Amino acid sequence: MEHFEESILKLIVDTSTNLPPDVRRAVEQAQIREEIGSRAALALDTIVENVLLAEEEQGPICQDTGMPTFEVHTPVGANQIVMERQIKSAVAEATRLGKLRTNSVDSLTGKNTGDNLGPGTPVIHFRQWENDEIDVRLILKGGGCENKNIQYSLPTDLPGLGKAGRDLDGIRKCIMHAVYQAQGQGCSAGFIGVSIGGDRTTGYQHAKEQLFRHLDDQNPVPELAKLESYIMEHANELGVGTMGFGGRVSLLGCKIAAQNRLPASFFVSVAYNCWAFRRQGVRIDPRTGEILNWIYKQGTSDLKRKESAVFSDKVKVLRAPISEEAIRALHVGDVVLIRGEMHTGRDALHKYLMDHDAPVSLDGGVLYHCGPVMLKDDQGKWHVKAAGPTTSAREEPYQAEIIQKFGLRAVIGKGGMGAKTLAGLKASGAVYLNAIGGAAQYYAKSVEAVNGVDFLDEFGIPEAMWHLQVNGFPAIVTMDSHGNSLHADVDKQSFKKLEAFADPVY
Ligand SMILES: O=C(O)C[C@H](O)C(=O)O
Ligand code: SF4
């Protein structure tokens, strides 16, 4: 087993940086379906560009490399204790190399362990099988889409859909609702794994396991095969679209399975995975630890780069610090390019800023909801390795007050924010800009220099306040200072479409 750790490291690097061909094909199909020039098409062009950049640079496709989850099958008698130790060591090494973000945070102190190791992380499940080879599968599912997982307990009443009973029709309604409720926050268009039955714990576990199925496999249970096709067809009528921008494609894959349940329980558990669907697997020789073959084909396909609308002359350039006048001139749908300094800030920083001063002036400033992957070189200089946006909705309780308190003019994130922030943007003269979730290589390229960092020791790399010099960071105005929100509009329209699926189908 001399090569086992090295094989696991290869698996991690490939999973994080190289989107498998079946996932690429699904993204490509969406790109073909969306109307040229639409916001969804622009978002998909950025996603494709990002997938290709990640492969070329061997950089993380998305900065959130998720909760590394390993499903391992071993021959009878293989030493699982040694394997677990080596998997952990490979995880730490991948983190040191910047292929995984430091994602393991102490839930009580907020301290980041810095190497992705700690109680509960990474997740490793072992099972024995009567087979001569070791099978290791890995999924890197990020926090934003994990937050959009949902579990229904039937019978229930679903918003827009009415009663959902303990039958196939009730299950159908739950799944339609699951896609609707994710909106753009889980970086749609997504992939869902669905489990019918089990208990609360095994339901979610089983739902996640469905994400390991090949996208083009055929469900062996005829009713579930039919339900999968129904969902694929109709969830795309909801109009959520890529990043919740509206559009023809809201779902890229759906895999459903059933397990037995208790008489009193009837769960439908949905694991929602963003478009950055990073899962891979290897078969390993138990004598040498070497990789025998890859379970899903490895990257490389004919995804085509498209000239993006970002380069058109309609784009407005914003130089930070930004004036109120420049902000008031912006409207939902405008594409902007930011030049100058922006500051990253997410959950820990927002909470901190509520009752402390900021370490730098934020007057006219741009706050980026982002937890990047950063590496320090031998000279002590920091480099951005991946830097896409995080889900902004988490900052809803704080954002309006922070904009007002510090004079911020722009907040960048993804998935949109709520009514309180919208009112705050209007009152203070600020905008919400949407960056394309998961496009971490694409945005990292627009960073010219790291000007400094605050709270690194206290908050850890993803939560620290990084001061980034950018030259042409593209984003779309999705909430303006005149009370308009694309997110509220798409939510309303897609809810109306959801209501059309209330009548029984089964
Ligand atoms: O943590 C992040 O950087 C992103 C997260 O996965 C999210 O989607 O909000
Ligand atoms: S930012 Fe988006 S693409 Fe990245 S892990 Fe979160 S949900 Fe997935």
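Just the heavy atoms: all of them, side chains too, but no hydrogens, waters or symmetry mates, feed the values below. Just so you know, ligand 1 is whichever comes first in the structure, and atom 1 is the first atom listed for that ligand. Please read all numbers here as calculations on a predicted model, not as lab measurements.
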- Counting each atom of ligand 2 from 1 as listed, which ones have a heavy atom of Pro389 under 4.0 Å away? 1 (S)

- Looking only at protein heavy atoms, what sits closest to atom 6 (O) of ligand 1 is Asp64 OD2, 2.5 Å

- Task: Number the atoms of ligand 2 from 1 as they appear, then name those within less than 4.0 Å of a heavy atom of Cys62, with their elements.
- Result: 1 (S), 3 (S), 4 (Fe), 5 (S)

- What part of Glu146, side chain, backbone, both or neither, has a heavy atom within less than 4.0 angstrom of ligand 1? neither

- Aromatic ring proximity, centroids under 6.0 angstrom, Phe501 and His177: no

- Query: Within the structure, does Gly144 bring an N/O atom to less than 3.5 angstrom of an N/O atom in ligand 1?
  - Reply: yes

- Is a side-chain N or O of Thr17 found less than 3.5 angstrom from the main chain of Val13, in a donor-acceptor match? yes

- Message: Starting from atom 4 (C) of ligand 1, what is the nearest protein heavy atom, named by residue and atom, and what distance separates them?
- Response: Thr390 OG1, 3.2 Å

- Looking at atom 8 (Fe) of ligand 2, is one of the N, O or S atoms of Cys187 less than 2.8 Å from it? no

- Query: Just which atoms of ligand 2 are under 4.0 Å from any heavy atom in Gly186?
  - Reply: 7 (S)

- Are Gly66 and ligand 2 in contact, using a heavy-atom cut-off of under 4.0 Å? no

- Report yes or no: does a heavy atom of Gly437 sit under 4.0 Å from some atom of ligand 1? no

- Would you check if the side chain of Ser188 reaches a backbone N or O of Gly244 as a donor-acceptor pair within less than 3.5 Å? yes

- Message: Using a strict threshold of under 4.0 Å (side-chain N to carboxylate O), is an ion pair present between Asp377 and Lys381?
- Response: no

- Message: Using heavy-atom distances only, which candidate in Lys141, Arg278, Glu146, Gln63 approaches atom 5 (S) of ligand 2 most closely?
- Response: Arg278

- Answer with yes or no whether the side chains of Asn149 and Lys141 bring together a donor and an acceptor at under 3.5 Å. yes

- Query: Please state which protein non-hydrogen atom is closest to atom 1 (O) of ligand 1 and give its distance, to 0.1 Å?
  - Reply: Arg101 NH2, 2.9 Å

- Taking only heavy atoms of Ala276 into account, list the atoms of ligand 2 that are under 4.0 Å away from them. 3 (S)

- Item | Residue and atom name of the nearest protein heavy atom (relative to atom 8 (O) of ligand 1), distance in Å to one decimal | Lys414 NZ, 2.7 Å

- Is the shortest distance from a Lys or Arg side-chain nitrogen in Asp135 or Arg137 to a carboxylate oxygen in the other one below 4.0 Å? yes

- Message: Would you say that His369 contacts Lys414 through its side chain, given a criterion of any heavy-atom pair below 4.5 Å between the two side chains?
- Response: no

- Query: Between the main-chain N or O of Ala386 and the side-chain N or O of Gln441, is there a donor-acceptor pair closer than 3.5 Å?
  - Reply: no

- Note on the structure: Short version for Ala440: what comes under 4.0 Å of ligand 2, heavy atoms counted, is neither

- Task: Run the ring-centre check on Tyr368 versus His343 and record whether the distance is less than 6.0 Å.
- Result: no

- Task: Could you list which atoms of ligand 2 come closer than 4.0 Å to a heavy atom of Asp64?
- Result: 5 (S)

- Message: Looking at ligand 2, would Lys414 count as a contact under a 4.0 Å heavy-atom criterion?
- Response: yes

- Message: Taking distance alone, with N or O pairs closer than 3.5 Å, would you say Thr391 contacts ligand 1?
- Response: yes

